[in-house]
Amino acid sequence: MNSVRARAERISAWLERSDVDVVAVQETKCRDDQFPAEVFTGLGYEVAHHGLSQWNGVAIASRVGLEDVQIGFPEQPGWGEPAAAEARAIGATCGGVRIWSLYVPNGRDVEDQHYLYKLQWLDRLRAAGASWLAEDPGAQIALCGDWNVAPQDDDVWDMAEFEGKTHVTKPERDAFQAVVDTGFADVVRPYAPGPGTYTFWDYKGLSFPKRKGMRIDFVLASPALAARVGDARIDREERKGKGASDHAPVIVDFG
DNA sequence: ATGGTCGTAAAACGA
């Protein structure tokens, strides 16, 4: 969302009209002591946030219960010197569904160490997901968030513009697909097919009005949860107007 | 035009 504090009023308005039970947000850009919980609690949501600095930051808000909050996933890789886990993952059980709010590292550049960090992060997430399903094949798990990967060519406005860039490389796409192959399905794409269907538009260069977007935000659902999906959509309208995030909300109806 | 737009935090840095 690129700052929860800068977008407090838009978030409130969106929650009021969207009528969602659970919301997973990424890039709150604040520490826990700076987090404006009242944006969510004021509308009847419980909320759990994990933020360590002005970077990253993830949260889950729910009005159907919020239990067993977990900061980070097992074996989540760290960043920096010395390597430390960043505020990129938070899990909670809401109405019987295990929700994960995930902010996959950007990768920055294919030559950057951050790119290797991104690939390792995705691989460790895959391993964690596989272990959860091995433990309980009937588990209802939703892996929600900014994956910073455009899995298909149609998920960017022009592949030629992404020559040699992150988000579309084979290793990134393979790492994303490995999570899918573990049993987590993209439950939105069937209801919001491409081409030209995106979840993110850069602030720079009037990319939104020019329809130069990327589909990089996904809800991946375990088999038991995917079976419940009745509808899904990308709320492109929320990208419009003053003070919009550069990402649009992705909404799934689990019946 | 080696930028372009944001947010954080107070100069760059990250996206």
Side-chain angles (χ1 to χ4, degrees), chain A residues 1-14 24-37 39 49-59 76-81 83-90 101-122 125 144-151 155-158 160-169 172 175-176 198-218 234-250:
Chain A
M1 56 174 42
N2 191 22
S3 174
V4 66
R5 290 176 290 172
R7 258 163 268 298
E9 287 190 20
R10 279 195 70 129
I11 293 165
S12 294
W14 184 83
V25 299
Q26 301 82 38
E27 209 181 6
T28 59
K29 297 184 82 166
C30 67
R31 300 183 306 267
D32 289 347
D33 64 283
Q34 299 170 309
F35 182 74
V39 170
H49 174 256
H50 175 46
L52 298 170
S53 69
Q54 72 269 47
W55 309 123
N56 314 308
V58 284
Q76 181 183 321
W79 175 251
E81 194 56 53
E86 297 183 300
R88 293 181 178 275
I90 187 170
S101 178
L102 304 164
Y103 183 34
V104 176
N106 174 285
R108 298 178 185 169
D109 186 281
V110 293
E111 305 295 333
D112 198 301
Q113 288 273 15
H114 209 259
Y115 177 73
L116 299 175
Y117 170 49
K118 176 182 195 174
L119 294 176
Q120 185 184 40
W121 207 96
L122 284 165
L125 176 62
C144 315
D146 176 0
W147 292 74
N148 270 318
V149 178
D155 296 336
V156 297
W157 76 92
D158 181 4
E161 297 258 6
F162 284 82
E163 184 80 39
K165 302 263 183 68
T166 61
H167 293 60
V168 301
T169 67
E172 288 165 280
F176 180 89
Y198 309 125
T199 66
F200 166 87
W201 297 260
D202 199 290
Y203 287 124
K204 290 180 279 193
L206 299 173
S207 59
F208 183 66
K210 290 178 178 173
R211 300 186 177 271
K212 293 184 172 183
M214 305 169 74
R215 188 201 293 253
I216 56 175
D217 300 272
F218 298 94
I234 297 162
D235 188 359
R236 188 180 179 281
E237 292 299 305
E238 185 58 21
R239 181 62 180 79
K240 297 179 179 177
K242 187 174 167 60
S245 166
D246 41 4
H247 293 257
V250 178

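Keep in mind that what you see is a predicted model, and the values were worked out from it rather than measured. Residue numbers start from 1 in every chain, and the chains themselves are labelled A, B, ... in the order their sequence lines are given, proteins ahead of strands.
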Q | By salt bridge (charged side-chain N to carboxylate O under 4.0 Å, His left out) - contacts of A:Lys240 (at least two apart) | A | A:Glu237
Q) Any idea which heavy atoms bring A:Tyr117 and A:Pro105 closest together, and the distance? A) CE2-CG, 3.5 Å
Q) What interatomic distance, in whole Å, is found between P of B:dT2 and the corresponding atom of B:dG7? A) 24 Å
Q) Between B:dA1 and B:dA10, how far is it from one C1' atom to the other, in whole Å? A) 27 Å
Q) Which residue, A:Thr166, A:Asp109, A:Thr169, A:Asn106, forms the side-chain hydrogen bond (donor to acceptor under 3.5 Å, both in side chains) with A:Tyr115? A) A:Thr169
Q) When rounded to the nearest Å, what value does the distance between C1' atoms of B:dA9 and B:dC13 take? A) 10 Å
Q | Protein-to-nucleotide contact annotation, 5' to 3' order, nucleotides 6-15 of chain B [B base; S sugar-phosphate only; - none; under 4.0 Å, heavy atom] | A | SBSS---BBS
(Q) For a quick test of reading the model, state the closest non-hydrogen atom pair linking A:Glu161 to A:Lys212 and the distance between them. (A) OE2-NZ, 4.4 Å
Q: Walk me through it: do A:Ser245 and A:Glu238 pass the test side-chain hydrogen bond (donor to acceptor under 3.5 Å, both in side chains)?
A: CA-CA 8 Å; A:Ser245 166; A:Glu238 185 58 21; over 6 Å; no
